[in-house]
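Contents: one structure, followed by commentary.
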Protein chains: 2
Amino acid sequence: MSGRKIRNMEEFAEVSGVSRPTVSKYFHDPNSVRASTRQRIEAALEQHDYRPNIFAMNQNRKLTKNVGIVVPYLADPFFAEIARNIEERCIDAGYSPTLFSSHGSPELEVEILNSLRALKPAGVLLAPLGRVSDRGAVEAFCADVPTVLFDSLIEGVGAAFVGSDNPQFSHLIVEYLGRTGEPPCFFEMKKPANPNANKRRLGYIEAMEKMGHEPQVISVDGEGWAFEEIGRAGGIEAIQSGRFSTNTILCSNDRLAIGFLSACYHMGVKVGRDSDCDLRVAGQDDHPFSRFTCPPLTTIAQDYDSVSRRAVQVLFDTVESGTQDHSGEMVLFEGKLIMRESA
Amino acid sequence: MSGRKIRNMEEFAEVSGVSRPTVSKYFHDPNSVRASTRQRIEAALEQHDYRPNIFAMNQNRKLTKNVGIVVPYLADPFFAEIARNIEERCIDAGYSPTLFSSHGSPELEVEILNSLRALKPAGVLLAPLGRVSDRGAVEAFCADVPTVLFDSLIEGVGAAFVGSDNPQFSHLIVEYLGRTGEPPCFFEMKKPANPNANKRRLGYIEAMEKMGHEPQVISVDGEGWAFEEIGRAGGIEAIQSGRFSTNTILCSNDRLAIGFLSACYHMGVKVGRDSDCDLRVAGQDDHPFSRFTCPPLTTIAQDYDSVSRRAVQVLFDTVESGTQDHSGEMVLFEGKLIMRESA
DNA sequence: GATAAATCTTATCGCGCGTAAAATTATAAT
DNA sequence: ATTATAATTTTACGCGCGATAAGATTTATC
């Protein structure tokens, strides 16, 4: 960092000994200038730590390097993790990601999409709220901005969808539970916000029938994103009223299972696979906290890494090809059984 | 929404029947134009849903309405919650918050501060990484941009600090534990990233001595932000080697306690305050998951709400007064004892 | 070494808005 | 009604960069 303060690209071009448009080209894509030129610019860059004004940059550019990342609920470590993962990939690809959380509110989700429009993003990675999302608003947005949906599908919307094969999750864990003990019943929220919950229920039923068992679905009251609380309250109620026809409980997701484990503890119900245990409990997602529950939670791990990698890749393919012909593409990743002590 | 598409402020000024700079003033502050003018603009606004281009807006403005929110680790629901809280308050105050997470990396923290500079923010709310933060970089940033530090203090840096009274936390819980059973030992990481951890340890020691007990601090290996894992591994090791001189364990924070509870379960150690229990365990923070652990975790609740409210308020005071005379101001909020079953 | 291709420089315009200064209008005071 | 004064609007210019065109220069090809 030496003496003179650089105020704009003009001045920076001067000290680096090339013309302003060339500097502009360099910042747009360093490989678009000759190696010798690049070196001169980079040498100057080390002396003067100049950065182009992002507002001026974006003002006149058709396509910015901004990307939006929208998740439904950032206080859920699952989404925090996947957002972090995606964020990093975007940065590595030379984009500027901005992170948003809908906080479970459809109004806020629409609001975010609106302010996102103002950012003229090259593309958006959107994990919609799901059932409660304003379909029209999301659809309109996707028509304007290349958008890859992830985690939660809204049929027929967006350039592509990347997520998990939820029915497969249920098949996998039902098969495991059935093989190692009593077949499970299915514990879920009555009005799940997320469409994946429905797919998991259907997957459960299908898997049970395939194995010749009678499916039993237990739906508990509760709306919103306080899954643990819902799982706990619903669990206590279900245990008290003896609604389980089996000693094995498959929860729709890990957060619900965490709440359910809390209910079990509260009721003095011992969870685990030892002979002195009353219940086996399993979840789905491999939530970051699941390995620390008591007992540690048996679950199906989402392939975070593949989902985020693929979502980003599909988005940039779409953006950079300009074509929207990914339309309707749908990528689903399988889950992996994580055996812990709870089941 | 009627016919003509509005492309810029010029065109919007035309349809609303006032000059463009007046429209500009209106968007800067609706009360800065005459009521009659305001009505004409707002009438046009309902017809044409025009929004000023944010890039053009910010390019030439000395002070934007942007604020940055930086937390050390967004995958920690505690920070996710407080970030959400702060975000909302900023929006309500008419600002545009942007959320960043350092993900535990000092390099990324500096990188964020740099890109934040490019956003010309009116102010920044920064929860620094703490011990590992690049003090020089943070200091330099704070000199340029009005910055309120929260959660984690870096001495002498920033326009103000808002956080929790950590020694008081420890006093409160030590007093409670001592009053209801054996006085606690203190369970912590050897190299805590966060300065609050040190204040809690000192608070613990002070409280113990005041009550006439011999403090015992157990520091376990581990660095970074995987607190649960560190608490679990360290807990298993400590239990195996019988390092506790008391049946009551006070953890430096809740996430560590969650890991420790997992260790207890793993080792067959029964936690709680009943007579048949082996250990009592308490945490500090009232982490969102603490009420769902088995047993539910007794802890000290941080006053999230007051911290975020005050941090935002102090920042906007600083920004809007223009003066930096909040310098060194320090606001600490007390914690509240949350009694649950673990202690 | 001549020719073509790639790259760079010069020149100029426009983006959409902020902002200071000038001109106008409304309000108050005489 | 007239003038002083404040409030508001208009005029005029600039911000920092993207985009493009035409000409100058360098590099690659044979």
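Throughout, a chain's letter reflects where its sequence line sits, starting with A, and its residues are numbered from 1. What you see is a predicted model; the values in this text were computed from it and never measured.
Nearest to the side chain of V33(A), among dT10(D), dC8(C), dC17(C), sits dC8(C). The side chain of N8(A) has dG16(D) as its nearest neighbour among dT9(C), dG16(D), dT19(C). For R34(A), the side-chain atoms get nearest to dT7(C) when compared with the rest of dC17(C), dG14(C), dT7(C). Out of dG18(C), dG16(D), dT9(D), the shortest distance to the side chain of N53(A) is found at dG16(D). When distances are taken from the side chain of P21(B) to each of dC17(D), dT10(D), dG16(D), the shortest belongs to dT10(D).
You'll find the side chain of F141(B) stays beyond 4.5 Å of the side chain of V110(B), heavy atoms only.
Within 4.0 Å of S24(A), counting heavy atoms only, lie sugar-phosphate atoms of the nucleic acid but no base atom. Looking at heavy-atom distances under 4.0 Å, Y50(A) makes contact with sugar-phosphate atoms alone, never a base.
There is no side-chain donor-acceptor pair under 3.5 Å between Y50(A) and E11(A). S32(A) and D29(A) share no side-chain donor-acceptor pair at under 3.5 Å.
Between H28(B) atom NE2 and dT19(C) atom P there is a gap of 7 Å when expressed in whole angstrom units. One atom, CD1 of I41(A), and another, P of dT9(C), lie 9 Å apart when rounded to the nearest Å. To the nearest angstrom, C1' of dT8(D) lies 14 Å from CG of D29(B). Atom CD of Q59(B) is separated from atom C1' of dG14(D) by 10 Å (rounded to the nearest Å). Rounded to whole angstrom, the span from the CZ atom of R51(B) across to the C1' atom of dG16(C) amounts to 16 Å. A straight line from CZ of F27(A) to P of dC17(D) spans 9 Å, rounded to a whole angstrom. Regarding F12(B), its CZ atom lies at a distance of 19 Å from the C1' atom of dC15(C), rounded to whole Å. Distance CZ (F55(A)) to C1' (dC17(C)): 13 Å, rounded to an integer number of Å.
Residue side chain R20(A) reaches the base of dG18(D) through a donor-acceptor N/O pair under 3.5 Å, judged by distance alone.
The side chain of S32(A) contributes no N or O atom lying less than 4.0 Å from OP1 or OP2 of dT7(C).
Position along DNA chain D of the nearest nucleotide to S36(A) versus A56(A) favours A56(A) as the more 5'-ward residue.
Residues F78(B) and Y73(B) place their aromatic rings such that the two centres sit no closer than 6.0 Å.
Looking at S102(B), its side chain never comes within 3.5 Å of a backbone N or O of S105(B) through a donor-acceptor pair.
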